[in-house]
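To start, the structure under review is shown below, and the notes come after it.
Note: hydrogens, waters and symmetry copies are ignored here, and every other heavy atom, side chains too, is used. Nothing fancy with the numbering, it's 1 onward along the sequence.
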Amino acid sequence: MQGYVRAGSSQPAWLFPLIILVVLILSVLPLARLAVVGIAALANGGVSAVLADPALWSATYYTIVTAILGTVISLVIGCAFAFLLTLTDIRGKGLLSFLFVLPMMIPPQVTALAWVQMSGPSSPLLKALHIAPPLGSPQPLYSVGGIALLYGVQHAPLVYLALRAGLMAQPRDGVEAARLSGASSFSVFRDIILPLSLPGVIAGAAISFVSCTGNFGIPAILGIPASIYTLPTLIFSKFSAFTGRTFGEVALLSAIIAIISVAGLAIQDRALRGRDYRVLGLSGATATFDLSGWKYLFAPLLWVILFFMLAAPFFALLAGALVPAYGVPLTFKTMSFNAFHEILFRQAVTRTAFVNSLSLAAGTAMCLLLVTVLSAYALTRRRDAISRAVSSLIEIPYSLPGIVIAVCFILVFAAPLPVLNITFYGTIWIILIAYLSSFFAVSLKPVVSAFHQLDPALEEAARLSGAGFFRRLRDIIVPLIAPAAGASVILVFLIACNELTISALLWSAGTQTLGVAIYNLDDSGSSDLASALSVLIVLMVMVMMLLLELLAKRLPKGVVPWRS
């Protein structure tokens with residue numbers, strides 16, 4: 001028994017080393033491989049060729065500019081929703097919050113395609129409403145401004161969630177004391193709420209900036225037709241025109257993306273350094289501001305914003321799926337469900353993409369569930385520097401842009417594995433392993449939250465009664481964390497099923513995912529099929545989010561992002 005369980009602990013001796021091994025494979029190895037190839041490229045003089053390429057500087061410029069503009073837009077929208085839905089007496093908060101978070105769950109290429117269908121002279125919906133711009137007018141979204149706008153729409157929920165978390169911890173007694181002293185609502189907001197909200201605003205801005213930097217779906221659909229390349233789309237084009245120097249070049253380009261992302265996070269850290277934002281006393285978002293007559297202005301305004309963020313693009317997407325070709329106005333004569341029939345029953349590629357995405361998402365969610373239950377157990381039972389380091393290593397792949405993770409695993413599996421002589425490159429397994437790396441942190445968070453709420457006395461009593469580790473796991477731990485585990489599975493499934501950035505570089509014939517299928521269909525001119533597939537994906541996302549909503553009451557606080 002002493003060799004099986006660590007002295008003074010209920011944790012088996014083999015458990016923590018197993019977690020370290022998994023983290024080494026999924027996090028340390030791919031990042032180390034990227035660093036090695038990048039250093040080799042530097043040593044061989046490959047960096048001079050990369051730095052001399054005008055496309056690099058153009059892509060870096062567009063990456064930074066669109067990311068900054070997109071972050072500003074996401075801050076404006078996200079902060080407005082966070083303040084109004086958290087601190088005011090506006091009606092329908094739950095529904096507004098649910099709908100506002102929805103764009104974050106929708107694949108970025110679907111968002112881009114929906115907005116393209118909603119604007120421009122060839123929009124079937126605008127033509128049906130007789131408000132389309134004249135033929136020959138440029139598509140306004142094929143521009144830096146269009147990419148930044150959709151970045152803002154896609155990532156505004158990230159700002160909302162980051163700021164909302166801080167607002168929920170506002171000093172309730174401090175606000176009440178200010179009010180009793182005669183301070184107006186505006187003074188309370190300006191002098192108390194706003195300064196204490198700064199960490200959430202800065203955190204939201206940093207998360208949004210990093211997400212914009214690594215976004216592939218939006219600049220791929222909006223930028224490539226206008227010859228506007230960001231670093232992720234430049235890496236994609238480098239792989240499309242593969243040469244002997246490609247690996248070294250993309251390693252350096254990926255390093256640049258990582259540096260830009262880390263710089264954004266460093267600015268966040270620098271902005272908060274030296275400032276003390278600790279809140280003493282009671283906290284909670286019960287310090288609601290009474291909007292009085294202003295609610296008749298702000299409530300409709302929020303619904304109008306949501307209409308243009310969600311409803312109008314979805315209806316445009318649906319209209320694009322119901323017409324035989326892009327540019328044909330939607331009427332009762334032109335309306336047809338042929339695109340849906342083609343997608344579901346005739347197109348072998350889309351059927352394969354459905355099977356691949358659902359299989360990859362389910363496989364990722366279930367494999368990670370097993371790993372994260374053991375990881376959460378080990379990490380919450382240990383409170384030392386090693387466990388904190390392991391937790392940080394789990395977070396790193398999720399915090400990096402997906403394009404960087406894809407390049408890491410291409411470099412790891414480009415050659416057959418030594419000794420085993422097994423090739424993962426070009427198979428569906430490389431996508432699965434990259435998903436496991438990228439979404440490990442997503443799966444871990446709900447389960448860790450559940451473990452923190454468990455009373456260790458229950459397991460300790462079972463251990464003293466002679467119950468082994470797996471018996472305790474089966475009879476005590478798993479039943480208690482089951483709701484959080486279910487949420488973990490749904491969250492990972494939802495994100496993995498709609499992923500594009502990683503699979504865009506790792507797919508090959510027969511391993512297409514839904515995200516890749518949408519991009520390829522749109523790129524080949526089959527916009528009606530791409531729209532039909534996108535409509536089905538949006539509906540699937542909504543069903544999965546509703547399942548999470550139904551589970552919400554049984555989950556630890558913070559697991560379902562849009563709920564208090």
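- In summary, of the residues considered (Val110, Ile106, Leu539), a side chain to side chain contact (heavy atoms under 4.5 Å, CB included) with Phe314 occurs for Leu539 alone.
- Side chain of Ser211 to backbone of Ile207: a donor-acceptor contact under 3.5 angstrom is found.
- To the nearest 0.5 Å, atoms CD (Gln109) and CD1 (Ile518) are separated by 5.0 Å.
- When side chains are defined from C-beta on, Lys295 does not count as touching Thr88, because their heavy atoms never get closer than 4.5 Å.
- Formation of a donor-acceptor pair under 3.5 Å by the Ser74 side chain with backbone atoms of Thr71 is found in this model.
- In terms of modelled atom types and a separation under 3.5 Å, the side chain of Ser97 and the main chain of Lys93 share no donor-acceptor contact.
- The distance from atom CG of Leu113 to atom CE of Met118, rounded to the nearest 0.5 Å, is 12.0 Å.
- Put simply, the side chain of Ile260 reaches to within 4.5 Å of the side chain of Phe209, judged on heavy atoms.
- Between Leu491 and Phe439 the shortest side-chain heavy-atom distance does not fall below 4.5 Å.
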CA sep, side-chain torsions, deciding dist, call: Ile64, Ile68, side-chain contact (heavy atoms from CB on, under 4.5 Å) = CA-CA 6 Å; Ile64 295 174; Ile68 291 174; 3.6 Å; yes
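- A donor-acceptor pair under 3.5 Å is formed between the side chain of Thr233 and the backbone N or O of Thr230.
- Across all their heavy atoms, Gly214 and Thr501 have their closest contact at O-CG2, 3.9 Å.
- A donor-acceptor pair under 3.5 Å is formed between the side chain of Thr372 and the backbone N or O of Leu369.
- For the atom pair CG (Leu231) and OG1 (Thr63), the distance works out to 3.5 Å, reported to the nearest 0.5 Å.
- The backbone N or O of Leu514 sits less than 3.5 Å from a side-chain atom of Ser357, completing a donor-acceptor pair.
- Note that the CD1 atom of Ile495 and the CD1 atom of Ile490 stand 12.0 Å from one another [nearest 0.5 Å].
- Contact of the Pro232 side chain with the Pro401 side chain is not registered, since no non-hydrogen atoms from C-beta on lie closer than 4.5 Å.
- Rounding to the nearest 0.5 Å places OH of Tyr61 at 10.0 Å from OG1 of Thr66.
- Judged by distance alone, with hydrogens and angles left aside, the side-chain atoms of Thr350 form a donor-acceptor pair with the main-chain N or O of Ile343 at under 3.5 Å.
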When you look at Ile221 and Trp115, which way does the side-chain contact (heavy atoms from CB on, under 4.5 Å) test go after all the steps?
-> CA-CA 11 Å; Ile221 288 183; Trp115 280 70; over 6 Å; no
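- Remark: of the listed residues Leu547, Val543, Val541, Val541 is the sole one forming a side chain to side chain contact (heavy atoms under 4.5 Å, CB included) with Leu494.
- Panel note: side chain Ser488, backbone Ala484; no donor-acceptor pair is recorded below 3.5 Å.
- Closest approach of Tyr519 and Ala220 over heavy atoms only: CE1-CB, 3.6 Å.
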Determine, stepwise, if the pair Val492 / Tyr435 fulfils side-chain contact (heavy atoms from CB on, under 4.5 Å).
-> CA-CA 9 Å; Val492 173; Tyr435 281 5; over 6 Å; no
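- Side-chain contact check for Gln117 versus Pro313: every heavy-atom pair is 4.5 Å or farther apart.
- Looking at Tyr62 and Ile147, their side chains never come closer than 4.5 Å, going by heavy atoms from C-beta outward.
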Phe81 and Tyr160: CA distance, side-chain angles, deciding distance, ring pair (Phe, Tyr, Trp, His ring centres under 6.0 Å) verdict | CA-CA 7 Å; Phe81 270 80; Tyr160 167 78; 7.0 Å; no
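- Here the side chain of Ser123 pairs a donor or acceptor atom with the backbone of Leu126 at under 3.5 angstrom.
- Contact of the Asp528 side chain with the Pro324 side chain is not registered, since no non-hydrogen atoms from C-beta on lie closer than 4.5 Å.
- The shortest heavy-atom contact between Gln154 and Pro108 is OE1-CA, 3.6 Å.
- In this structure, the separation between CG on Leu141 and CG on Leu222 is 6.0 Å, given to the nearest 0.5 Å.
- Ala112 and Ile218 make their closest contact through CB-CA, 4.1 Å (heavy atoms, listed as atom of the first residue, atom of the second, distance).
- Atom CZ of Phe315 sits in a sparse spot, with 12 or fewer heavy atoms from other residues, nucleotides or ligands closer than 6.0 Å.
- Residues Phe340 and Val535 meet the side-chain proximity criterion, which asks for heavy atoms closer than 4.5 Å.
- Closest of all the heavy-atom pairs between Pro124 and Val323 is CG-CG2, 4.0 Å.
- The closest donor-acceptor contact from the side chain of Thr86 to the backbone of Phe83 lies at 3.5 Å or more, if one exists at all.
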side-chain contact (heavy atoms from CB on, under 4.5 Å) evaluation trace for Ile431 with Glu499 | CA-CA 11 Å; Ile431 302 178; Glu499 195 281 329; 5.7 Å; no
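- By the neighbour-count criterion of 12 heavy atoms within 6.0 Å, atom CE of Met540 is densely surrounded, having more than that number from other residues, nucleotides or ligands.
- Across all their heavy atoms, Ala132 and Pro121 have their closest contact at CB-O, 4.0 Å.
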